[in-house]
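Below you'll find the structure, written out as structure tokens, and then a few comments.
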Amino acid sequence: MTRARSDSSATKDPASSRVGRVLPGCVLCLAAAGIGYGVNLFLPGVSALIIAIVLGVLLTNVVRLPDALSPGIDFSAKKLLRAGIILLGLKLSLTSIVDLGVPMLLVVACIVMGGMLGTVLLGRLLRVSPNLSLLIACGFSICGAAAVAGAAGVTDPDDKAEEDTITAVALVVIFGTLMIPLVPLVASLLGLDVVTAGKWAGGSTHEIAQVVAIGGVIGGGALAVAVVVKLARVLLLAPVIAVLSFRRRRLQRSDVPGRQASRTKLPPIVPPFILGFLAMVLLRSFVALPGAVLGTGEMLQTLLLAAAMFGLGCGVKVRNLLKVGLRPFVLATASTLLVAVIAYAGVALAG
């Protein structure tokens, strides 16, 4: 009887010890997310995700965080991020996206494909590492930090994979934040009406929260159309991640010869979190969900993504970011301009 009890406790120990390891760091990340969420409630134009990233960067560069927090911070940056991406699907209604019309949907596809291909090619010209170029391409062309971290989970891992992810997220924050005052200013100089300016903002800006801020600055009907255009770009996260995952499977097969290739564990063609994201999109599109459910889902999505962004921010060491050199910043500038130009040309042609 005693041995049975000891065996039972032994089988429970690994799970409980894992929870114990990740809990302190998770609590810290969720607390930072709560701060960001609270600030966003009082200042809607300020993104909870950006606040969380900034808090993470400041904390890790001012204070030496205890090693005990590392497992939970890493868990938040990876697992909570994927949970947040799943709930992000509740923001998308296929009806509202279809209502944009075929011309505008083609523009959205051109923004994402042209932005990604152009950024990767520019990365080669600038001799930026292929992995970092790809992550910047995803973040700047699709949906910011969530796209960077989502893509990082299915691209080829190497020694600098985590550093590349952190660098790409930092660039998304820096350049996306600069877009908030610049897009309304340039739209005004170009004489764009509020609806056209909103479409351009949704097509050219990196993060959803940054799009919301820009739409609020422009005013009128800009906010609503900007968010819908941006969400149409977010919807393309699923096929892009699927393509990247398929590419990784093919590369892994070619790297492992003979029979060993059949025994090598390959990543799924469509990662489970992307399937969850698509399921939430379909749920939102075809089921009349109560407002309370949508409100709770949006709050949880914001908190989970903000906790993940804080975790990623904790990996941003300013001295290491400065060491990456000027080329990634040049690539980020070029990618921002490329996506903005494609979006402007597309919106102008689509009318």
Side-chain angles (χ1 to χ4, degrees), residues 29-30 33-34 36-38 40-41 44-52 76-100 105 108 112 138-139 142-151 153-154 172 176 198 201-203 205-213 215-216 223-242 270-312:
C29 292
L30 289 169
Y37 187 81
N40 176 254
L41 291 178
V46 181
S47 166
L49 275 63
I50 292 176
I51 293 170
S76 299
K78 294 177 181 177
K79 304 298 184 182
L80 295 189
L81 172 92
R82 294 177 181 182
I85 290 176
I86 290 172
L87 291 176
L88 184 61
L90 287 175
K91 282 181 172 285
L92 283 88
S93 168
L94 294 178
T95 303
S96 62
I97 292 174
V98 170
D99 287 344
L100 287 172
L105 292 176
V108 169
V112 173
C138 290
I142 307 175
C143 59
V148 170
V154 297
V172 162
T205 309
H206 311 332
E207 294 274 2
I208 293 177
Q210 294 158 353
V211 170
V212 171
L223 177 57
V225 70
V227 170
V228 175
V229 172
K230 179 60 182 177
L231 290 177
R233 289 169 66 194
V234 174
L235 186 59
L236 292 179
L237 176 65
V240 168
I241 295 296
V270 183
F273 74 95
I274 291 297
L275 292 176
F277 169 81
L278 292 174
M280 292 298 103
V281 172
L282 294 175
L283 183 66
R284 172 67 190 272
S285 301
F286 298 107
V287 178
L289 297 173
V293 172
L294 293 175
T296 302
E298 182 171 1
M299 180 186 70
L300 288 174
Q301 172 251 315
T302 302
L303 287 172
L304 289 170
L305 287 181
M309 293 305 110
F310 176 81
L312 289 170

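Numbering of residues begins at 1 and proceeds along the displayed sequence.
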Listed pairs under 3.5 Å, donor-acceptor, residues 288-305 side chains, sequence neighbours left out:
unit_1: Thr296; atom_1: OG1; unit_2: Ala292; atom_2: O; d: 2.8
unit_1: Glu298; atom_1: OE2; unit_2: Lys91; atom_2: NZ; d: 3.3
unit_1: Thr302; atom_1: OG1; unit_2: Glu298; atom_2: O; d: 2.9

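- Side chains of Lys230 and Thr205 form no contact here, defined as non-hydrogen atoms less than 4.5 Å apart.
- The shortest non-hydrogen separation linking Gly203 to Val229 is N-CG1, 3.6 Å.
- Leu49 CG to Tyr37 OH: the interatomic distance, rounded to the nearest 0.5 Å, is 12.5 Å.
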Show which side-chain atoms of residues 79-88 pair as donor or acceptor with protein atoms under 3.5 Å away, not counting sequence neighbours.
none

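- Counting heavy atoms from C-beta on, the side chains of Leu30 and Phe310 never come closer than 4.5 Å.
- In this structure, CG on Leu237 lies 4.5 Å from CD1 on Ile274, to the nearest 0.5 angstrom.
- Considering Leu312, Val172, Ile142 in turn, Val172 is the only one that fulfils the side chain to side chain contact (heavy atoms under 4.5 Å, CB included) rule with Val148.
- Qualifying side chain to side chain contact (heavy atoms under 4.5 Å, CB included) partners for Leu236, counting only residues two or more places apart in sequence or in other chains: Val108, Val112, Pro239.
- With sequence neighbours excluded, the residues satisfying side chain to side chain contact (heavy atoms under 4.5 Å, CB included) with Ile97 are Leu92, Leu105, Ala232, Leu235.
- Nearest approach of Ala52 to Ala306, heavy atoms of both residues: CB-O, 3.2 Å.
- Listed by first and then second residue, the salt bridge (charged side-chain N to carboxylate O under 4.0 Å, His left out) pairs that reach into residues 279-291 come to none, sequence neighbours excluded.
- Taken to the nearest 0.5 Å, the CG atom of Leu275 stands 12.0 Å off from the CD1 atom of Ile241.
- Side-chain N or O atoms of Ser285 include one that pairs as donor or acceptor with a backbone N or O of Leu94 at under 3.5 Å.
- To the nearest 0.5 angstrom, Cys143 atom SG is 7.5 Å from Glu207 atom CD.
- Taking NE2 of His206 as the start and SG of Cys138 as the end, the distance is 13.0 Å to the nearest 0.5 Å.
- Among all heavy-atom pairs drawn from Ala145 and Met309, the shortest one is CB-SD, 3.3 Å.
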